[in-house]
Amino acid sequence: MSQEKEDLSIQKKDNVFVAAEAEGYVADLDYTDEEESRVRRIVDLRLMPWILFSTFILNICRTNISNAISAGLPKSLGFKNDVVNNAGSLYSVVFSLFAFTGSILGKRFGPHRFIPFLVFAWGVVTFSHAFIQDAGQFYLVRTLIAITQGGVIPATLVYLGSFYKKNELATRLSWFWGVQSIASAVSGIMASGLLQLDGQLGFAGWRWLFLVEGSLTIFTSLLFAFAFPRSAYYTKGGLNFSGWFKNERDVQIAVTRVIRDDLLKLKYETRVQFADVIETLKDYKVWGHLVMTSIGLTPGVPFRTYLPSIINSFGFNVYISNALTAPGYLLGFITMTLWSWNSDRVGERGFHGVAAFVWQLTGFILLNFLPDDSSRGVLFFSTLVISAAPSVHPLNIAWMTENTAPLGKRTVASGLIIAFANIYGVYANQIYQPWDAPRYHVGNYIIFTFTTVTILLWLNQKFLYVRLNKQRAAVWNAKSQDEKDEYDATTTQKGNDRLDFVFKH
């Protein structure tokens with residue numbers, strides 16, 4: 001409600017907001033729910049496959065390192081897993097720094113241009129992994145891959161926000177991160193085949209992995225350059241040919257429905273200012289989501305990095321071990337999608353997150369306490385429970401996004417949350433140590449702590465929003481209409497700092 005009253009250089013006439021900046025926006029446009037649903041389906045069918053393909057490629061290139069490790073990359077290059085862990089920490093720092101700038105640079109150059117450029121760049125770096133010879137070169141390529149990959153997710157978040165309403169975003173983000181789970185599954189299957197090329201043309205199996213996946217990434221970056229439109233208004237050209245929509249009315253509906261949901265998007269193409277950065281850093285509610293992100297995602301880093309090796313320790317060979325990572329990732333995609341869809345459906349965030357982490361905690365308890373002489377099928381089942389737990393990272397991003405305003409602040413927060421979704425790797429990569437292999441009991445006790453704290457953080461964030469809504473409603477409802485009008489005319493509060501801003505919880 002309050003977002004409609006922001007200082008957006010919007011003129012108000014007869015209770016209708018109008019602006020000339022958003023092409024295709026018609027303030028008084030009438031359309032039916034059926035028309036809106038049809039237009040949304042067109043956007044889903046024309047945009048989301050390319051978005052999902054881009055994140056599929058991203059995660060193929062992010063998970064191949066664990067496959068290469070299981071195939072003997074450290075031994076081939078003359079170092080041990082401590083170098084792998086240190087490189088993982090370095091990757092996390094660099095990735096986070098460039099993730100913070102990703103949303104800002106995406107705004108500056110346009111996500112439709114910036115994302116394909118990044119995909120091409122990390123494709124080249126992935127390909128170069130095949131030619132490294134020592135630890136120094138390993139550190140170098142892991143740094144470069146972090147630089148090139150860091151900005152793509154926040155830029156994509158900014159991009160998706162221009163096509164979808166707030167209550168549609170969590171579901172689409174679940175598809176986005178769900179496809180990453182599918183990519184992890186496919187990566188394991190691809191690795192089980194490509195690693196068997198070991199020795200062909202003088203290349204080790206893990207080198208073939210990077211050669212093939214790097215080449216694939218470079219090729220797909222060229223497709224993205226011709227597939228991503230500037231906006232719902234500009235969809236003609238490239239691989240979109242004559243455009244997404246058959247008539248001008250559908251174009252207007254596509255643009256107008258998103259702006260009516262959030263009038264801040266009238267200024268969608270406005271560049272981020274330094275003041276937006278300061279306002280974001282001062283918002284303790286944003287910090288709640290950032291801390292939830294870093295603490296909550298920590299357990300997945302050591303687990304995913306060493307999952308093929310853990311499964312291998314149960315008695316499966318290296319090829320089967322890589323292939324067996326696939327079922328858990330596929331189940332994780334299904335549960336995450338259903339979790340986010342239900343959260344959007346019922347309009348609840350906090351308890352969905354709590355339930356997901358209780359599920360994950362159960363899996364780690366099984367992995368840690370099952371006897372060593374358990375059958376390999378039972379031991380594998382414990383890893384399946386962990387992998388299949390629904391990731392609520394996309395739900396957390398959607399939750400933060402809908403509760404953060406104005407638009408510049410939201411853009412900065414989008415970059416920050418992706419940065420915090422990677423910076424934890426600095427310490428998370430150190431949780432599983434070589435001396436603790438293969439079951440990593442000490443590391444799992446650390447994970448128990450992180451998961452328990454995360455559950456408490458999600459509960460705290462939910463009840464913080466509940467309390468703020470009650471406090472603000474009491475003050476706002478006590479005002480007369482004249483007092484409310486005076487507040488609208490004189491207040492310096494913006495976005496989610498306004499008294500009439502209602503938080504979703």
Side-chain angles (χ1 to χ4, degrees), residues 92 96 99-100 153-154 157 169-170 173-174 177 280-304 332 335-336 339-340 342-344 346-365 385-386 389-404 409-410 412-431 443-471 496 501-505:
S92 297
S96 299
F100 174 66
I153 295 178
L157 296 180
L169 199 55
L173 290 179
S174 74
W177 266 277
T280 307
L281 294 177
K282 288 165 55 179
D283 192 334
Y284 67 92
K285 300 177 292 300
V286 170
W287 279 101
H289 289 284
L290 300 182
V291 174
M292 284 160 51
T293 297
S294 280
I295 301 297
L297 293 178
T298 293
V301 172
F303 178 73
R304 286 191 301 271
T335 59
M336 176 170 55
W339 229 253
S340 297
N342 193 63
S343 177
D344 274 347
V346 302
E348 198 283 330
R349 304 302 194 200
F351 290 145
H352 280 75
V354 170
F357 283 104
V358 170
W359 181 334
Q360 177 182 274
L361 180 61
T362 302
F364 276 108
I365 290 173
V385 173
I386 299 170
S391 169
V392 288
H393 182 46
L395 194 155
N396 184 32
I397 291 176
W399 194 14
M400 181 199 71
T401 298
E402 64 199 1
N403 284 342
T404 304
K409 186 176 179 180
R410 185 182 302 166
V412 175
S414 295
L416 278 173
I417 201 166
I418 301 303
F420 273 73
N422 289 275
I423 191 64
Y424 63 88
V426 173
Y427 57 84
N429 279 292
Q430 308 298 330
I431 291 177
N444 287 334
Y445 279 113
I446 296 173
I447 286 174
F448 294 162
T449 302
F450 275 95
T451 307
T452 302
V453 170
T454 302
I455 291 170
L456 297 176
L457 288 172
W458 275 76
L459 288 171
N460 177 72
Q461 195 75 7
K462 178 180 178 65
F463 290 114
L464 168 65
Y465 285 138
V466 170
R467 178 171 58 83
L468 286 174
N469 283 345
K470 289 181 178 179
Q471 290 175 345
N496 58 350
F501 188 99
V502 179
F503 296 101
K504 180 174 276 191
H505 54 80

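Keep in mind the model is a prediction, meaning the values are calculated, not measured. In what follows, residues are counted from 1 in the order of the sequence shown.
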On a heavy-atom basis, which atom in [X] and which in [Y] lie closest, and how many Å separate them?
X      : Y      : result
Pro154 : Gly415 : CB-CA, 3.8 Å
Ala428 : Pro302 : O-CD, 3.6 Å
Trp399 : Gly350 : CH2-CA, 3.9 Å
Val392 : Ala356 : CG1-CB, 3.6 Å
Phe357 : Gly296 : CE2-O, 3.4 Å
Ser174 : Met336 : O-CE, 3.5 Å

Going from [atom1] on [X] to [atom2] on [Y], what distance comes out if it is rounded to the nearest 0.5 angstrom?
X      : Y      : atom1 : atom2 : value
Lys409 : Asn496 : NZ    : CG    : 4.0 Å
His505 : Leu468 : NE2   : CG    : 10.5 Å
Lys504 : Lys462 : NZ    : NZ    : 11.0 Å
Met292 : Leu297 : CE    : CG    : 10.0 Å
Ile295 : Leu456 : CD1   : CG    : 11.5 Å
Thr280 : Ile417 : OG1   : CD1   : 12.0 Å

Are side-chain heavy atoms of [X] and [Y] found at a separation under 4.5 Å?
X      : Y      : result
Lys285 : Tyr465 : yes
Trp359 : Val385 : yes
Leu281 : Trp287 : yes
Leu157 : Leu173 : yes
Gln461 : Asn396 : no
Ile418 : Ile397 : yes
His352 : Val346 : yes
His393 : Thr293 : yes

Please check this pair: side chain of Ser294 against backbone of Phe420, looking for a donor-acceptor N/O pair closer than 3.5 Å. yes
Please check this pair: side chain of Asn403 against backbone of Phe503, looking for a donor-acceptor N/O pair closer than 3.5 Å. no
Output all residues satisfying side chain to side chain donor-acceptor pair (under 3.5 Å) with Ser343, sequence neighbours left out; order by chain, then residue number. Arg349
List for me each residue that meets side chain to side chain donor-acceptor pair (under 3.5 Å) alongside Tyr424, sequence neighbours excluded, and say none if there are none. none
Quick one: which of Thr451, Thr449, Ile431, Ile447 gives a side chain to side chain contact (heavy atoms under 4.5 Å, CB included) with Thr298? Ile431
Hey, can you tell me if Tyr427 and Phe450 have their rings parallel, tilted or perpendicular (30° and 60° cut-offs)? parallel
